Each structure stands twice: as structure tokens, then as C-alpha cells.
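Chain letters run A, B, ... following the sequence lines, proteins first, then strands; residues in each count from 1. None of these values were measured; they are calculated from a predicted model. All heavy atoms count here, side chains included; hydrogens, waters and symmetry mates do not.
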There are 2 protein chains.
Amino acid sequence: MKKTVFVFSSLIVALLVLFKFSKYSYVSGDVSLEIVIAVIAIVFFIIGVYINKRTLQKEKLSSISIDYKKIEQLGISKREYEVLVQISDGLSNKEIADKLFVSESTIKTHVSSLLVKLDAKRRTQAIQKAKALQIIAI
Amino acid sequence: MKKTVFVFSSLIVALLVLFKFSKYSYVSGDVSLEIVIAVIAIVFFIIGVYINKRTLQKEKLSSISIDYKKIEQLGISKREYEVLVQISDGLSNKEIADKLFVSESTIKTHVSSLLVKLDAKRRTQAIQKAKALQIIAI
DNA sequence: TTGGGAGTCATACTAAAGTACCAAAACCAT
DNA sequence: ATGGTTTTGGTACTTTAGTATGACTCCCAA
């Protein structure tokens, strides 16, 4: 948000500078009005393209924003969600257990309740559903 | 491509019109030069933003194109690929077997060779890797 | 025409995954 | 402080998943 304010402030300043310059140029007869206007048009066109590119690229990087409300709606707890993420990363129950410093049976408990909450029969289906619901990164 | 040419032609025409208008306005004294330039800047800025948005949105819609070359490189056969897609859809071996009208042991054979080719230990890891390699839809 | 890849299937395993049920800490809000 | 949820863990069991091996058919290119 701060960035946006900064960018737009810069734009306004640039506009003022350009307009001062154009007036001076026109009056002094160094540069024709057409060229000044053309330059302004092109510059602002490029700025527009650039700004938008950055914004959309950022969107694309995070791919899809995670729907935290849906996670809550489904009653998925914090720990369960952590397990879900690890599942979608292709880890086994044992590997998840080691990573989260708990026993494998704990992970099994979490997985079972996740399957119920996501209405899935298998962990692979849970991955598919979770991605469709946009509660995990795609 | 045709669209791009059309858009840019339109832009040039718009530029010419604006510049004629600005010259007239300035000479006739109806509108101040500052405002004309500001309008031009804003208009072209908006055009820049808009054009880029359309382009990137299209990219985003097609999400990610499947890398068929990579599938070939990995030596994944047609049937194996079909199985891979069903796995990523969350189906069990039995369900895939029924869907493709073959026995479960056939699917197991395919899955095993898929795991080797994708260098995965589990089907969930195969899903993750296949998506990372962009050989299945995300 | 023949060797090799692709696809099919079976048997017999082992290893994970998942279910059911229970239970005890730990945490958190009223 | 107390009740409800979360997190943790265990046992015992069933179901899938995955491995290894061998075998048969089909098709296609050398």
C-alpha cells in the first residue's frame, strides 16, 4: 500500500515536471508540441504497462490466495492444516511425524479427521479437494 | 497478433487526434495546456494498464501448459500418463482400474513404473513432482 | 521375421495408509 | 477454576499401496 502511494506521488511529480518542460519547450520553440505530447503519451503508456505487470506478477507468484475462511468453515484445526500441507507435499505419515516432532499415530489421527472434514476417502483425494477449495497452494 | 496491430494502430490514431485537439485548444485558449497534457498522460496510463491486464489474464487462464516434451523425456508411456492423471485426481488403484477397464494389478504395474520414472516413493509424491514438472494440470 | 517395447495380468509378498476406540495432557476462554 | 477443544499417543485391526517376478499378447520398426 505504501508502495502504491509512493508510485502515484512520483507520477504526479513527473507529470508536473513534464508539463513545465513542455511549456518551456513550446514557448522557446526548441521542440514541437507534437513531439512533447507524443513523448508524454508513450512514457505514461509504458508506466501503465509496467505497473500492471508488477501487480499481476505478484498475484501470479502467490498463484492463488489461500481461503482461510474455508479452512475455518471446515473446522480444520491449525495442526491438522499443517499436516495437510505436508501431505500435499508428498510426505508419508512417518516423514510428517519426524518433521513435526510427534509420533506417527498422532499424524494418523490428524489425517483421519482431515479425511472426514474434507469428505475424502484417501489422502490423494484430500489433496485434490483441498486444492479445489483453494485452501492449499496449487 | 492481429489484435495487437489493431490496438497500436488505434493508439496512433488517438494520439494524432489528441494532438490536433490540443493544438487547437491551446491556440484558441479554451483549455489550458496543462490540462490537455494531464488528460493525455492519464488516458495513456490507463490504456497501458488495461492492455497489460488483458494479456496477463489470458496467460493466467490457460494456467500452465503441459510439457509434453518432458513426458517423453521421462519415458512415460501413454497408458502410464493416463494413470498418472487419475492418480492426481485422487482415485484409488481399484477405481482407476474400473475406469480404464483393466485389472487392478495392471494399474499397480503402471503405478510402480511411474514412481520409478518420476523418482517418487509414493503416489502423493508423484503428484507433487508431476505438477512441479508441469506434466499434469495444476 | 524377429526382437523389443507396451500393455496386460497373476501371485505372493511387505509396507504404508486408514479406521475405531480410547485416554491423557495441554490449552484457552468464560 | 472448570469445561470444551486441541493435541497427543497407544493398540489392534482392515484396507490400500507398492515391490518383485514371471508370463502372455500385440504391434511396430529394423
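- Protein chain A contacts DNA chain C from C/dA17 to C/dT19, reading 5' to 3' and using non-hydrogen atoms of the protein with a distance under 4.0 Å.
- One atom, NZ of B/K94, and another, C1' of D/dT16, lie 12 Å apart when rounded to the nearest Å.
- Residues A/I135 and A/L74 meet the side-chain proximity criterion, which asks for heavy atoms closer than 4.5 Å.
- A/I71 has its CD1 atom 14 Å from the P atom of D/dT6, to the nearest Å.
- Within a 6.0 Å radius of CD in A/E72, no more than 12 heavy atoms belonging to other residues, nucleotides or ligands are found.
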Do any N or O atoms of the protein come closer than 3.5 Å to N or O atoms of nucleotides 18-28 of chain D, and which pairs are they?
{"unit_1": "D/dG18", "atom_1": "OP1", "unit_2": "B/R123", "atom_2": "N", "d": "2.7"}
{"unit_1": "D/dG18", "atom_1": "OP2", "unit_2": "B/R123", "atom_2": "NE", "d": "2.8"}
{"unit_1": "D/dG18", "atom_1": "OP2", "unit_2": "B/R123", "atom_2": "NH2", "d": "3.4"}
{"unit_1": "D/dG18", "atom_1": "N7", "unit_2": "B/K108", "atom_2": "NZ", "d": "3.2"}
{"unit_1": "D/dG18", "atom_1": "O6", "unit_2": "B/K108", "atom_2": "NZ", "d": "2.7"}
{"unit_1": "D/dT19", "atom_1": "OP2", "unit_2": "B/S112", "atom_2": "OG", "d": "2.8"}

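- Between B/K70 and B/Q134, the side chains place no donor N or O within less than 3.5 Å of an acceptor N or O (distance only, hydrogens not considered).
- Using a 4.0 Å heavy-atom distance criterion, A/S105 is classed as a base contact.
- One finds a salt bridge joining B/R122 and A/E95 here, because a Lys/Arg side-chain nitrogen approaches an Asp/Glu carboxylate oxygen to under 4.0 Å.
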Margin query: Checking B/D89 against B/I96 for the side chain to side chain contact (heavy atoms under 4.5 Å, CB included) test, could you report, in this order, the C-alpha distance in whole Å, the side-chain angles of both residues, the deciding distance, and whether it holds?
Written below: CA-CA 10 Å; B/D89 233 52; B/I96 298 172; over 6 Å; no
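- Of the side-chain N and O atoms in A/S103, one or more sit less than 4.0 angstrom from OP1 or OP2 of D/dG9.
- Taking atom CG of residue B/L114 and atom P of nucleotide D/dA17, one finds them 14 Å apart after rounding to whole Å.
- Taking atom CG of A/L100 as the reference point, atom P of D/dT8 lies 8 Å away to the nearest angstrom.
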Check: Given A/D67 and A/L133, is the side chain to side chain contact (heavy atoms under 4.5 Å, CB included) satisfied, shown in steps?
Finding: CA-CA 8 Å; A/D67 192 346; A/L133 290 169; over 6 Å; no
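- Of the two residues contacting DNA chain C, namely B/T106 and B/G75, the nearest-nucleotide position lying further toward the 5' end is that of B/G75.
- Rounded to 10 degrees, the angle separating the terminal axes of the helix from C/dT1-D/dA30 to C/dT30-D/dA1 is 50°, with each axis obtained from five end pairs.
- The phosphate of D/dT8 has OP1 or OP2 within less than 4.0 Å of a side-chain N or O from A/H110.
- The residue among B/E80 and B/E104 whose nearest nucleotide of DNA chain C lies closer to the 5′ end is B/E80.
- A/K117 places a side-chain N or O within 3.5 Å of a backbone atom of A/G75 that can act as its donor or acceptor partner.
- Judged by distance alone, the side chains of A/S103 and A/T106 do bring a donor and an acceptor atom under 3.5 Å apart.
- Side-chain contact between B/L114 and B/V83 is present, with heavy atoms from C-beta onward closer than 4.5 Å.
- Note on A/F101 and A/Y81: separate hydrophobic clusters, where clusters join Ile, Leu, Val, Met, Phe, Trp and Tyr whose side-chain heavy atoms are under 4.5 Å apart, directly or indirectly.
- Between the side chains of B/E80 and B/S113, at least one donor N or O sits under 3.5 Å from an acceptor N or O.
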